[in-house]
Amino acid sequence: MKRYILFILLFSFSLAAMAYEEVFFHCDQDTAVINRLLRSPELAGLDKPQQVAFFAKSLEGAPSNLRQEILEADTARFTIDIHSFNPLSLISTCIALAQAYETSSAPNWRDFAARYEAVMYKGGKAGDFVSRFLYPSDWIADNVFRSNIIDETLHMEGLNIKKKEKSIDYISHHKDSFKAFSNPANLDRIKMLEMGFRNHQIIYVSSGDLTNPARFKKIAKDGDIVFLLATDYNLDSRDMGIVFHDGDQLKFIHVSPAEDKVVIEQLPFEVYVKRNIKRIQGARVMRIN
């Protein structure tokens with residue numbers, strides 16, 4: 001259970017904003033893979049949310065880097081990695097790829113790198129370890145403000161939209177699980193971040209609508225980004241990913257804590273939520289702008 005909860009704590013990684021020749025790469029194949037994805041002929045007939053779903057499906061099977069890059073890391077640097085992901089880096093990568101695709105007639109890895117930094121880091125600029133996004137709510141607020149995404153939750157007509165206040169401070173209460181927070185200065189900065197999320201207002205789609213195949217499935221669009229809300233008292237989201245329609249089923253792509261890799265859940269989305277209903281209160285729904 002503890003490992004499952006830690007899995008959704010999300011981070012971005014980097015030193016500071018830098019020239020592209022100073023960007024770190026997971027391996028020497030990253031630029032080639034990104035360029036190949038951006039030149040996929042299937043993208044031409046898709047709108048931007050559909051492109052997000054296309055890229056997510058293309059990354060199926062990539063391993064999780066949660067433990068190496070987050071739980072066991074104590075430094076950070078701006079790394080382009082198209083081969084392994086944590087939950088938030090998967091979502092951010094798919095958004096950045098869709099944004100890069102529209103930049104020119106021949107988009108490449110440099111276009112992706114600029115947009116990945118703009119989505120994955122606070123204020124769109126890579127910083128040190130503690131300046132990364134720590135909670136999904138922080139990522140959502142920053143990217144909505146900078147118009148990278150739109151909060152669609154309130155616009156999903158016909159669904160039961162609820163509102164609640166929650167103080168989010170899970171990380172500081174579990175500091176021993178993260179190597180970086182053995183540094184008192186890092187811990188103090190995280191506590192300051194959490195002060196901004198006291199009595200944080202969350203608007204969400206009810207779990208009853210998510211598990212009803214006649215409701216959420218009909219309104220959701222391919223490429224919608226879904227944050228499944230935790231029932232834990234001080235944690236905002238337990239799981240997150242991207243949905244798409246596969247025939248008459250709605251499917252969910254995410255970094256699976258059970259399989260340690262990017263998977264397309266075989267269960268329809270509403271069944272997946274129902275199977276985990278004790279740990280899921282509802283969902284926030286975002287869409288690329």
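By convention here, the first residue in the shown sequence is residue 1.
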Handout entry: salt bridge (charged side-chain N to carboxylate O under 4.0 Å, His left out) pairs, two or more places apart, involving residues 82-104
Key = K48-E102
Handout entry: Close side-chain approach of E265 and H254, heavy atoms under 4.5 Å
Key = yes
Handout entry: Transitive ILVMFWY cluster of L229, excluding itself - 4.5 Å side-chain cut-off
Key = I202, Y204
Handout entry: Pair D248 + K217, salt bridge at N-O below 4.0 Å
Key = no
Exercise for the section: Look only at the side chain of K166 and the backbone of L235, and say whether a donor-acceptor pair between them is shorter than 3.5 Å. Expected result: yes
Handout entry: Test side-chain hydrogen bond (donor to acceptor under 3.5 Å, both in side chains) applied to D222 and Q50, H245, K251, the passing residue
Key = H245
Exercise for the section: Could you walk me through whether N86 and V255 pass side-chain contact (heavy atoms from CB on, under 4.5 Å), step by step? Expected result: CA-CA 6 Å; N86 60 68; V255 181; 5.8 Å; no
Exercise for the section: To the nearest 0.5 angstrom, please state how far the OG atom of S207 sits from the CD1 atom of I280. Expected result: 8.5 Å
Practice task
Kindly determine whether Q281 and S206 satisfy side-chain contact (heavy atoms from CB on, under 4.5 Å), including the steps that lead there.
Solution key: CA-CA 7 Å; Q281 187 167 37; S206 71; over 6 Å; no
Practice task
Side-chain contact test, heavy atoms from C-beta onward, threshold under 4.5 Å: evaluate it for P268 versus L250 and give yes or no.
Solution key: no
Practice task
Verify side-chain contact (heavy atoms from CB on, under 4.5 Å) between F178 and N186, making sure each step is shown before the conclusion.
Solution key: CA-CA 11 Å; F178 304 87; N186 287 346; over 6 Å; no
Handout entry: Between W139 and F227, ring centroids under 6.0 Å
Key = yes
Handout entry: Residues clustering with I150 (ILVMFWY side chains joined when closer than 4.5 Å, directly or via others)
Key = none
Practice task
Could you tell me whether the side chain of R146 and the main chain of A118 form a donor-acceptor pair under 3.5 Å?
Solution key: yes
Practice task
Ignoring hydrogens and angles, state whether a donor on the side chain of H200 or D236 is under 3.5 Å from an acceptor on the partner side chain.
Solution key: no
Practice task
Using a 4.5 Å cut-off on heavy atoms from C-beta on, say whether the side chain of E270 contacts that of F252.
Solution key: no
Exercise for the section: Using the six-membered ring wherever Trp is involved, compare the ring planes of H173 and Y233 and label them parallel, tilted or perpendicular (cut-offs 30° and 60°). Expected result: perpendicular
Completion exercise
Separation between CD1 (I91) and CD1 (I95), nearest 0.5 Å, reads 7.0 Å
Exercise for the section: Compute whether any side-chain donor of one residue and acceptor of the other, for Y272 and D239, lie under 3.5 angstrom apart. Expected result: yes
Exercise for the section: Would you please name every residue forming a side-chain hydrogen bond (donor to acceptor under 3.5 Å, both in side chains) with T231, sequence neighbours left out? Expected result: none
Handout entry: Any side-chain donor near an acceptor of the partner, D169 and N234, under 3.5 Å
Key = yes
Handout entry: Approximate separation, where rounding is to 0.5 Å, of F112 CZ and N35 CG
Key = 11.0 Å
Practice task
Kindly give the heavy-atom pair with the smallest separation between G61 and K261, and that separation in Å.
Solution key: O-CB, 4.1 Å
Practice task
Taking all non-hydrogen atoms of both residues into account, name the closest pair between I288 and P49 and its distance.
Solution key: CG2-N, 3.7 Å
Problem - Any V262 side-chain heavy atom under 4.5 Å of L90 side chain - result: yes
Exercise for the section: For residues T93 and Y116, report the shortest heavy-atom separation together with the two atoms involved. Expected result: OG1-CE1, 3.4 Å
Practice task
Spell out, yes or no, whether V263 and M240 are grouped together once hydrophobic residues are joined by side-chain heavy atoms under 4.5 Å, including indirect joins.
Solution key: no
Problem - Flag, side chain of R215 to backbone of G158, donor-acceptor distance under 3.5 Å - result: yes
Practice task
Answer whether the closest heavy-atom distance between the side chains of M156 and V205 falls below 4.5 Å.
Solution key: yes
Problem - Validation row: F216, V273 side chains within 4.5 angstrom (heavy atoms) - result: no
Exercise for the section: Keeping the roles fixed (side chain from D246, backbone from Q249), state whether a donor-acceptor pair exists under 3.5 Å. Expected result: no
Handout entry: Side-chain cluster (under 4.5 Å, hydrophobic types only) that M195 belongs to, other residues
Key = M192
Problem - Within one Ile-Leu-Val-Met-Phe-Trp-Tyr cluster: F54 and V33, side-chain cutoff 4.5 Å - result: yes
Practice task
Let me know which of D142, D138, N143 forms a side-chain hydrogen bond (donor to acceptor under 3.5 Å, both in side chains) with K122.
Solution key: D138
Exercise for the section: Would you confirm whether D81, through its side chain, and S84, through its main-chain N or O, come within 3.5 Å as a donor-acceptor pair? Expected result: yes
Exercise for the section: Run the numbers on N148 and N289 for side chain to side chain donor-acceptor pair (under 3.5 Å), then give the verdict. Expected result: CA-CA 5 Å; N148 285 318; N289 191 1; over 6 Å; no
Handout entry: Between T153 and D151: side-chain donor-acceptor atoms closer than 3.5 Å
Key = yes
Practice task
Using a cut-off of 6.0 Å, state whether more than 12 heavy atoms not belonging to E165 lie near its atom CD.
Solution key: yes
Practice task
Taking atom types as modelled, find out whether E194 and Y135 have a side-chain donor-acceptor pair closer than 3.5 angstrom.
Solution key: yes
Exercise for the section: Check whether any side-chain N or O of S40 sits under 3.5 Å from a backbone N or O of L43 as a donor-acceptor pair, and report yes or no. Expected result: no
Exercise for the section: Starting at CG of D224, measure out to CZ of F269 and round the result to the nearest 0.5 Å. Expected result: 10.0 Å
Problem - From CA spacing to verdict: side-chain contact (heavy atoms from CB on, under 4.5 Å), F197, S167 - result: CA-CA 6 Å; F197 285 97; S167 292; over 6 Å; no
Practice task
Using the salt bridge (charged side-chain N to carboxylate O under 4.0 Å, His left out) rule, collect all pairs that involve residues 31-46, keeping only residues at least two apart or in two chains.
Solution key: none
Practice task
Drop me the distance from S172's OG to R189's CZ, to the nearest 0.5 angstrom.
Solution key: 15.0 Å
Exercise for the section: Inspect the surroundings of NZ in K221 and state if more than 12 heavy atoms from other residues, nucleotides or ligands are less than 6.0 Å away. Expected result: no
Problem - Close side-chain approach of V285 and I225, heavy atoms under 4.5 Å - result: no
Exercise for the section: Output the distance between atom SG (C94) and atom CD1 (I253), rounded to the nearest 0.5 Å. Expected result: 7.5 Å
Problem - Flag side-chain contact, heavy atom, 4.5 Å: I82 against L59 - result: yes
Problem - Residue R198 excluded, over 12 heavy atoms near CZ under 6.0 Å - result: no
